[in-house]
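The next block holds one structure in the form of structure tokens; read it before the comments.
Only heavy atoms go into these numbers, but all of them, side chains included; no hydrogens, no water, no symmetry mates.
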Protein chains: 2
Amino acid sequence: MATIRDVAKLAGVSVATVSRVLNQNGYVNEDTEKRVKKAIEQLNYKPNEVARTLFKKTSKTIGLIVPDISNPFFPELVRAVEDVMNIYDYTVILCNSDEKSEKEKQYIGILKQKYVDGIILTTNQLESDEVLELGVPVVVLDRPSMHSFPSVIADNYGGARLATRHLYDIGCRKIAHIQGPTHVVNAMERFRGYRDEMQELGLWNEQLIIQGNYQLKQAKEATLRALQEHKMDGIFAGNDAMAVGALKAVQQLGLRVPEDVAIIGYDGIPLTEMTTPELSTISQPIYEMGAIAARILVKKIEAKPLEQLHYVLPVKLVERQSTQRRGTR
Amino acid sequence: MATIRDVAKLAGVSVATVSRVLNQNGYVNEDTEKRVKKAIEQLNYKPNEVARTLFKKTSKTIGLIVPDISNPFFPELVRAVEDVMNIYDYTVILCNSDEKSEKEKQYIGILKQKYVDGIILTTNQLESDEVLELGVPVVVLDRPSMHSFPSVIADNYGGARLATRHLYDIGCRKIAHIQGPTHVVNAMERFRGYRDEMQELGLWNEQLIIQGNYQLKQAKEATLRALQEHKMDGIFAGNDAMAVGALKAVQQLGLRVPEDVAIIGYDGIPLTEMTTPELSTISQPIYEMGAIAARILVKKIEAKPLEQLHYVLPVKLVERQSTQRRGTR
DNA sequence: TTGAAAGCGCTAACAT
DNA sequence: ATGTTAGCGCTTTCAA
């Protein structure tokens, strides 16, 4: 690999001059510039990013910490971040935290040692934010930001109301909610939305709450039990995986979806189109969330002003077969 | 951030000594070692990885190039790579190539400028391997390796025969195959397996080949057409997404799965458990593929000998409802 | 056993 | 407009 010295020698100039043409800073004679460029070409010279980083303390690299890339919510988010970062010539280090604040801390340490220019943090947990008091630009994604970090989330509360209301609109009156883990803020926001809407509709009934943990299997079993104990004609699941679980439970009991029980999920991940019947869901603008977070981070890195600190993106009701309007009731 | 000089000063020794205790190389007096360690602790000193990289030309970072992380086959693979690399203290830069050899080339260039210690390349395309003649350890994942790069793939040919045979075993005689893109080597291997098995069974018939492109939608439409033109009682899809497409097509025509048409997919991604009926599939050891590739790469980086250059991992038939044995025929 | 010094490849003052 | 030099933070000879 050629170095800047090689180029300088070949072009018959000093390294400073080569550096000047590389970084387009300072004055340099047209002729010399041409010579230098030719030498660069000839040697196929590419500046050593590491040396650059050491000097400039900026690595054109960011860290992206997600709980688990194999959770189907995240691939699209990660893709969006990567796409946008790529445009700005940043490279993305991917870290899976498994929601463990210890792993998160460890990664943050490593990322700093590598001089990453910024970090995007995606986590359902809170806590451990002390770790972040440490001088790297941070954007918080898919969870409310505690401190003054910029954040990007979707409207969980509103989405939950939307889902609940939709079930009501198609005729459901006994609407159950499969709740996500209670320590997950987003899940609690969705619960709040469900509760408020139900209360407003005068349908609120604690018996209709099903405890879930975001997993298909557990949701299926919990739903199976719930269906045998209580009557219900609609289920709003706190995420799509649990909606599939509910679907399987309902079908297993020989009930029809949507005729006997309508089901709606939350997130809008691709698998909702793969089930039979296809699942209605509240779709979050996943790609956009990632893209915005990335753009904000770039702005922070470049010390440009942000138009907005906290983004709450709107969600959308996606009506599919699992909540197909039934006649009158 | 404290530097090694700060530590040296505080401990009253030279930087060389500090470096010695950090890297456990060379001799150092027990007492001094203690003093140095204490100073490190007090200042919470973490060596600057960038400076280290510049000197040692090794970054404890690898590049992972995948076509598209949002394709459901890859998250688990990526997760596996990250998990293993994490154990060996490597960090992973994620790159999405979209199968474009141009993007691939560009990324490889960037990765080298960052002194990555190695690259894992996951791609269905061939070509552009010239790019790799360039001195970074490379492991090729999920595609056959052209050159002398180590590679990790699953047994596509065998898996396809297995799938075909399974359909035969449950009584199917008109077994169609939805083929993946013809430029994708793995898809062609699966096709070969299907063809050979069918020929051996004396059931081969070109009419039963359905052209797919790995996408659900296109597969659904192609299957819809095929079902109207030819009789068939079994479908072997070249991947799981297309199997879902086939499932939807069959159901849309009012036929029953598996009674009228049995369906089996390929890959074993999680969504196969989410459909109704659940899809049989040939499951690839996705996590293991990623993990092995990562371990091989580490060995190459550390210049240790590989036990094996090309890994072809076995696949497994997963029987679910979509190929539930029907009585006799 | 320890320290001094050179240098990894680059950039940015400061001179000229 | 260009060159000289110091230094980013670390590691490794080489000397002591």
Side-chain angles (χ1 to χ4, degrees), chain A residues 1-40 43-61 89 109-117 135, chain B residues 1-40 43-61 89 109-117 135:
Chain A
M1 271 242 165
T3 73
I4 196 172
R5 301 185 79 115
D6 302 327
V7 175
K9 195 173 292 177
L10 181 59
V13 297
S14 72
V15 294
T17 301
V18 177
S19 175
R20 278 190 268 263
V21 343
L22 278 172
N23 300 289
Q24 329 231 46
N25 84 35
Y27 304 94
V28 36
N29 182 7
E30 254 187 40
D31 272 9
T32 20
E33 177 164 354
K34 249 181 216 159
R35 281 214 315 288
V36 169
K37 284 196 168 161
K38 208 169 121 193
I40 288 176
L43 295 173
N44 187 25
Y45 165 74
K46 296 261 194 305
N48 179 326
E49 274 305 323
V50 179
R52 234 176 211 181
T53 297
L54 181 59
F55 188 91
K56 306 234 267 190
K57 291 173 174 20
T58 153
S59 58
K60 283 291 181 181
T61 302
D89 293 323
I110 294 175
L111 292 173
K112 281 183 167 171
Q113 284 188 66
K114 300 205 187 236
Y115 276 167
V116 295
D117 296 335
Chain B
M1 271 242 165
T3 74
I4 197 171
R5 303 185 78 115
D6 301 328
V7 176
K9 195 173 291 176
L10 182 60
V13 297
S14 72
V15 294
T17 302
V18 177
S19 175
R20 279 190 267 263
V21 342
L22 278 173
N23 300 288
Q24 328 231 46
N25 84 35
Y27 304 94
V28 36
N29 183 7
E30 253 188 40
D31 273 10
T32 18
E33 176 163 353
K34 251 182 215 157
R35 281 215 316 289
V36 169
K37 285 196 169 160
K38 207 169 123 194
I40 288 177
L43 295 174
N44 186 26
Y45 166 73
K46 296 261 192 301
N48 179 325
E49 274 305 323
V50 178
R52 229 175 216 182
T53 297
L54 180 60
F55 187 91
K56 307 233 268 189
K57 292 174 174 18
T58 153
S59 58
K60 283 289 181 183
T61 302
D89 293 324
I110 294 173
L111 292 172
K112 281 183 166 174
Q113 284 187 66
K114 301 204 186 234
Y115 276 167
V116 295
D117 296 336

Annotated protein contacts, base or backbone, on nucleotides 4-16 of chain C with a non-hydrogen cut-off under 4.0 Å, one of B, S, - each: B--BBBSBB----
B/Ser19: which residues meet the side-chain hydrogen bond (donor to acceptor under 3.5 Å, both in side chains) condition with it, sequence neighbours left out? B/Asn23
Name all residues meeting the side-chain hydrogen bond (donor to acceptor under 3.5 Å, both in side chains) criterion together with A/Thr53; count only those two or more places apart in sequence or in a different chain, and write none if there are none. none
Taking five pairs at each end, how big is the angle between the two axes of the helix from C/dT1-D/dA16 to C/dT16-D/dA1, to 10°? 50°
Can you tell which of B/Val36, B/Leu43, B/Ile40 makes a side-chain contact (heavy atoms from CB on, under 4.5 Å) with B/Leu10? B/Leu43
Pick from B/Val18, B/Val21, B/Val13: which one makes a side-chain contact (heavy atoms from CB on, under 4.5 Å) with B/Val7? B/Val18
Under a 3.5 Å distance rule, please check whether B/Asn25 uses its side chain to pair with a backbone N or O of B/Arg20 as donor and acceptor. no
In this structure, are over 12 heavy atoms from other groups packed under 6.0 Å from B/Lys57 atom NZ? yes
Not counting sequence neighbours, which residues clear side-chain hydrogen bond (donor to acceptor under 3.5 Å, both in side chains) with A/Tyr45? List them please. none
Any chance the side chains of A/Lys114 and B/Thr61 put a donor and an acceptor closer than 3.5 Å? yes
Show the nearest heavy-atom pair for residues B/Met1 and B/Asp6, with the distance to one decimal. O-OD2, 4.4 Å
Does anyone know the first and last nucleotide of DNA chain D in reach of chain A, 5' to 3', at under 4.0 angstrom to a heavy atom? D/dA1 to D/dG9
Okay, side chain of B/Thr17, backbone of B/Val15: is any donor-acceptor separation there less than 3.5 Å? no
Select base, sugar-phosphate, or nothing to describe what B/Thr53 touches, counting heavy atoms under 4.0 Å on all strands. nothing
